[in-house]
Amino acid sequence: MGVDSAPQLTFPEVADALGVPVTRVHQYVRDGHLVAVRESEEAPRTIPALFIDGSQIVKALDAVIRLLRDARFTDPEIVDWLHRADDSLPGTPIDALRRDAGREVKRRAQVAGY
């Protein structure tokens, strides 16, 4: 599944899923626990649905976001990287995080920008 076709959630939808106020979702984005992107300049920012697992943020996602930002990835590049197929995982990095393979994804994120 390409990132363009990946389901996206609005900030209120993420707040409902996590059981928190929408202001907390904004804080999660500011603090790097989540990444939000825009489809176009007029569109509101959305968060990929795969970043939410039930009523929580996918485990180790914040660490991967931090590593990719340290490698100077932009937020859209982070979302793309997380949704890009990686035969060595197998699947995508976000799929691997959802399977609790954070260590492997973090290793790949450490070298992604180099």
Side-chain angles (χ1 to χ4, degrees):
M1 172 187 310
V3 70
D4 293 335
S5 63
Q8 301 287 312
L9 300 173
T10 64
F11 281 43
E13 289 170 331
V14 172
D16 286 344
L18 298 177
V20 299
V22 73
T23 54
R24 178 71 50 93
V25 176
H26 286 275
Q27 187 68 43
Y28 289 153
V29 171
R30 276 193 303 274
D31 292 346
H33 298 285
L34 290 170
V35 175
V37 293
R38 291 182 198 275
E39 299 273 330
S40 68
E41 292 215 13
E42 301 82 36
R45 293 187 305 163
T46 57
I47 296 168
L50 289 176
F51 289 6
I52 307 301
D53 188 10
S55 62
Q56 60 189 8
I57 297 169
V58 170
K59 184 178 176 184
L61 178 62
D62 60 338
V64 173
I65 290 169
R66 188 171 31 261
L67 288 166
L68 293 172
R69 282 189 174 155
D70 287 349
R72 305 227 187 277
F73 277 56
T74 64
D75 288 353
E77 290 170 335
I78 291 170
V79 171
D80 180 60
W81 187 89
L82 285 162
H83 286 85
R84 192 177 316 130
D86 183 336
D87 293 337
S88 67
L89 286 172
T92 65
I94 191 62
D95 292 336
L97 286 176
R98 293 174 64 87
R99 288 190 313 267
D100 203 24
R103 181 176 294 167
E104 294 302 315
V105 176
K106 286 187 258 185
R107 283 187 193 139
R108 285 157 182 79
Q110 285 175 323
V111 298
Y114 304 101

Heavy-atom side-chain proximity of [X] to [Y] below 4.5 angstrom:
X     : Y     : value
Ile94 : Leu61 : yes
Phe51 : Leu9  : no
Ile47 : Tyr28 : no
Leu50 : His83 : yes

- Please check if Val105 and Leu67 belong to a single hydrophobic cluster, counting links between Ile, Leu, Val, Met, Phe, Trp and Tyr side chain heavy atoms closer than 4.5 Å.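 Each belongs to a different hydrophobic cluster.
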- Which word best sums up how the rings of His26 and Phe11 line up, parallel for under 30°, tilted for 30 to 60°, or perpendicular for over 60°?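 His26 vs Phe11 ring planes: tilted.
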Kindly give the heavy-atom pair with the smallest separation between [X] and [Y], and that separation in Å.
X     : Y     : result
Glu13 : Thr10 : OE1-N, 2.8 Å
Pro90 : Arg99 : O-NH2, 3.1 Å
Pro93 : Trp81 : CG-O, 3.4 Å
Val22 : Pro12 : CG2-N, 3.8 Å

- Query: Who pairs with Glu41 by side chain to side chain donor-acceptor pair (under 3.5 Å), at least two apart in sequence or on another chain?
  - Reply: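 Per chain and number, Glu41 pairs via side chain to side chain donor-acceptor pair (under 3.5 Å) with no residue.
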- Item | Audit row: Leu97, Leu82, side-chain contact (heavy atoms from CB on, under 4.5 Å) steps and yes/no | CA-CA 9 Å; Leu97 286 176; Leu82 285 162; 4.2 Å; yes
Partners passing salt bridge (Lys or Arg N to Asp or Glu O under 4.0 Å) against [X] (at least two apart in sequence or in another chain):
X     : value
Asp53 : Arg98
Asp75 : Arg69
Asp70 : none

Going from [atom1] on [X] to [atom2] on [Y], what distance comes out if it is rounded to the nearest 0.5 angstrom?
X     : Y     : atom1 : atom2 : result
Asp31 : Arg24 : CG    : CZ    : 10.0 Å
Gln27 : His33 : CD    : NE2   : 8.0 Å
Ile65 : Ile78 : CD1   : CD1   : 6.5 Å
Arg38 : Gln8  : CZ    : CD    : 13.0 Å

- Item | Stepwise side-chain contact (heavy atoms from CB on, under 4.5 Å) test for Lys59 and Asp100 | CA-CA 7 Å; Lys59 184 178 176 184; Asp100 203 24; 3.6 Å; yes
- Quick one: salt bridge (charged side-chain N to carboxylate O under 4.0 Å, His left out) pairs with a partner in residues 101-114, sequence neighbours left out?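 Output for this query lists Asp86-Arg108, Glu104-Arg107, Glu104-Arg108.
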- Query: Only one of Val14, Leu34, Asp62 forms a side chain to side chain contact (heavy atoms under 4.5 Å, CB included) with Ile57, so which one is it?
  - Reply: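 One option only clears the test, and that one is Leu34.
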- Which residues pass the side-chain contact (heavy atoms from CB on, under 4.5 Å) test with Pro44, sequence neighbours left out? none
